[in-house]
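First up is the structure itself, then whatever we jot down about it.
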There are 2 protein chains.
Amino acid sequence: MGNIHDIARLAGVSATTVSRVLNGHPYVSDEKRAAVLNAADQLRYEKNINAVHLARGKTETIGVILPFVSHPYFGTILGGIAAAAEKSGYKLMIVQTNYHTAQEIEAMDMLKLKQVDGLIITSRECPIELVEDYSEYGRIVLCEALSRDFLSSVFVNQYEAFKSALSFLKEKEKKNIGYTVLRMEGKSSISRKKAYEELFGELRSHWVFDQALTIEDGTRIAGEWASLTDQPDAMVITNDFVAAGFLLECRRLGFSVPGDVSVVGFDNHSISGALNMTTVELPLQQLGEIAFEQVISSETSHKEVPFQLVERGSV
Amino acid sequence: MGNIHDIARLAGVSATTVSRVLNGHPYVSDEKRAAVLNAADQLRYEKNINAVHLARGKTETIGVILPFVSHPYFGTILGGIAAAAEKSGYKLMIVQTNYHTAQEIEAMDMLKLKQVDGLIITSRECPIELVEDYSEYGRIVLCEALSRDFLSSVFVNQYEAFKSALSFLKEKEKKNIGYTVLRMEGKSSISRKKAYEELFGELRSHWVFDQALTIEDGTRIAGEWASLTDQPDAMVITNDFVAAGFLLECRRLGFSVPGDVSVVGFDNHSISGALNMTTVELPLQQLGEIAFEQVISSETSHKEVPFQLVERGSV
DNA sequence: GTAAAGTATGAAACGCATTTCAGCGCAAGC
DNA sequence: GCTTGCGCTGAAATGCGTTTCATACTTTAC
């Protein structure tokens, strides 16, 4: 358990030669190579990766910022990132932020401190300008639509995806459509409202349901929906989990889906298949893989991934 | 963007003093402290964390091995680990193994290379003896029942949890009970069989369904169940997602749950609540938190976390 | 036969912060 | 008046691998 110098001494060579052997560099004679390997073996040598990181100035590690690791939306993106990282021999450092700015900043500091070579931000809370300030320390990829020179991005066109769900419902003669958002003040909230008004004119604000992230949220929102006197006859719902909660609670309350209310989810998570639910498929695994390719690329890029409406039986 | 020596020069002090100031150590005069802080500011100094890691010999980072990051079972454990890590100021390095031994070994090597201070293995594929060999390099926590001197563990008593589900069904007069396992050759498979035979005597081997991990698996298994001439009248299913797939597919095929077949899941994931499904609650978030506490503890320990049957309407 | 190109090797510099040890000055204790 | 101890400070050692540069010896190439 010595270091590279101990090996050098034992093998009768220089530390340089040891390093060359250990890293598979050329220009080492067979005898010296054998001697080094033998000495390393004898000393039960283990590289200290921190010394390598220090010397090389990089860590072959990518940081991933995500609000919740246990939510399937982020879990699936992370799965894609992890699969791509494994192929490229990169390690992954994850930071769960719970949407707290402080955690996000702490994560971005990893880039500054050279703990990670690059950063993937699956969902952002702090100002984009702040993120941009960190781009001098390493590549940053965001999973949202933007076109900044120093930040890469990979995203689904939320506006169009939402609009395609609405258009589909319009075709099906649905006139009173409600929808859910994660947060009223969120970015996607604005684009959704815009898409809605473009297709249906004025929006009744109480047809927009807030805080839609989990199955329980879906359950809750179903209750809210049920208590309305002017119930929407269709709902476009943030993701398949919320949609599942909504759909199941509606049925439990004695309503028929799609008889009384149609449901369109997002993601095409397997839960939507099991529930025979119409949804807009988002290739989240692929999005994660692309994000990883971008973060190790030397150039910034902006990539849109396609969505696709999957028609099933909830409309 | 210089280093600690540049600061020392600019502030007219030694590198030692700079280090003391930067790390909040006592015994530095106010003037020197101010001078150092000022110089650091002027130089826009950023610590190189890799040098710190090298010097200190530790990284305040814990490695987490898990087969799939996007599966809710592991996602929930990871969420618990992440929450605890955040509180303690630790970082998390994750390795997704897909149950491949090679990936597991690569992850364990992080411990040897001093890339992580400790390791949490949420699910293991390689021999326990091999894992034990790595324990000399840092603390390792496994999420399975075992009592090795150099490995910590946190676990649910799978045998008892499974048995409690079976007992519950027995009380409800169910006589023909099938169940699912992740893999026929798996560890839990053996303890399940034992529990089963203890309560019901001989087991019909075609009442055990293999490869039960995802919703789709549940869907598939429902098809297999439906095609049997001697259908079990109750199923105990690996986790709530598989159970959800099973339950929904049974209903789609025209069977009644619990009329034609009862279902008991595991985990008490919110999906089971939405489906009004009876399940055995496993405190996975808490299990993750405990695993983290164990991995940063200086002593090995073995902790069992309680399970609890949650009675709903699928039996 | 000589210049050019390739092979092989090591000394030393580089990346950077932490920590131990030694020492000096001043104040409290007896 | 002398010892003990605390406050403050810095030199040097420590952790460790990579990479550049200089050098010397072989081969090819013409």
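To find a chain, count down the sequence lines: A is the first, B the second, and so on, and within it residues start at 1.
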**Request:** Please work out which of the three classes, parallel, tilted or perpendicular, describes the rings of B/F68 and B/Y99, given edges at 30° and 60°.
**Result:**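 If you compare the ring of B/Y99 with that of B/F68, the planes turn out perpendicular.
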Out of [options], which has the shortest distance to the side chain of [X]?
X     : options                : answer
B/V28 : D/dT9, D/dG17, D/dC16  : D/dT9
B/N48 : D/dC16, C/dC16, C/dT18 : C/dC16
A/S29 : C/dA8, C/dA17, D/dT9   : C/dA8

d([atom1], [X]; [atom2], [N]) in whole Å:
X      : N      : atom1 : atom2 : value
B/R33  : D/dG7  : CZ    : P     : 13 Å
B/N3   : C/dC14 : CG    : P     : 12 Å
A/K114 : D/dT18 : NZ    : C1'   : 16 Å
B/L54  : C/dA17 : CG    : C1'   : 9 Å
B/H5   : D/dA12 : NE2   : C1'   : 11 Å
A/L113 : C/dC16 : CG    : C1'   : 13 Å
B/Y27  : C/dG25 : OH    : P     : 19 Å
B/K32  : D/dC8  : NZ    : P     : 11 Å

**Residues A/K87 and A/E289 bridged, charged N to O under 4.0 Å** =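 Answer for the salt bridge query: no.
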**Prompt:** Charged N to carboxylate O under 4.0 angstrom, A/R124 versus A/E104?
**Reply:**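 The answer is no: the pair does not qualify as a salt bridge.
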Any chance the side chains of [X] and [Y] put a donor and an acceptor closer than 3.5 Å?
X      : Y      : result
B/Q96  : A/E86  : no
A/N23  : A/K47  : yes
A/S301 : A/Q294 : yes
B/Y45  : B/N3   : no

**Phosphate contact (D/dG17 OP1 or OP2) by A/R56 side-chain N/O below 4.0 Å** =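 No, A/R56 has no side-chain N/O under 4.0 Å of OP1/OP2 on D/dG17.
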**Asked** Checking A/N50 side chain against B/N50 main chain: does a donor-acceptor pair fall under 3.5 Å?
**Response**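 Such a contact is absent between A/N50 side chain and B/N50 backbone.
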**Message:** Below 4.0 angstrom, which residues in residues 7-26 of chain B have at least one non-hydrogen atom near DNA chain C?
**Reply:**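 Only B/T16, B/S19, B/N23 qualify.
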**Prompt:** Is the A/Y90-A/F292 ring centre distance short of 6.0 angstrom?
**Reply:**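 Between A/Y90 and A/F292, the centre distance is under 6.0 Å.
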**Request:** Determine to 10° how strongly the helix from C/dG1-D/dC30 to C/dC30-D/dG1 is bent, judged from the axes of its five-pair ends.
**Result:**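 Nearest ten degrees gives 20° for this helix.
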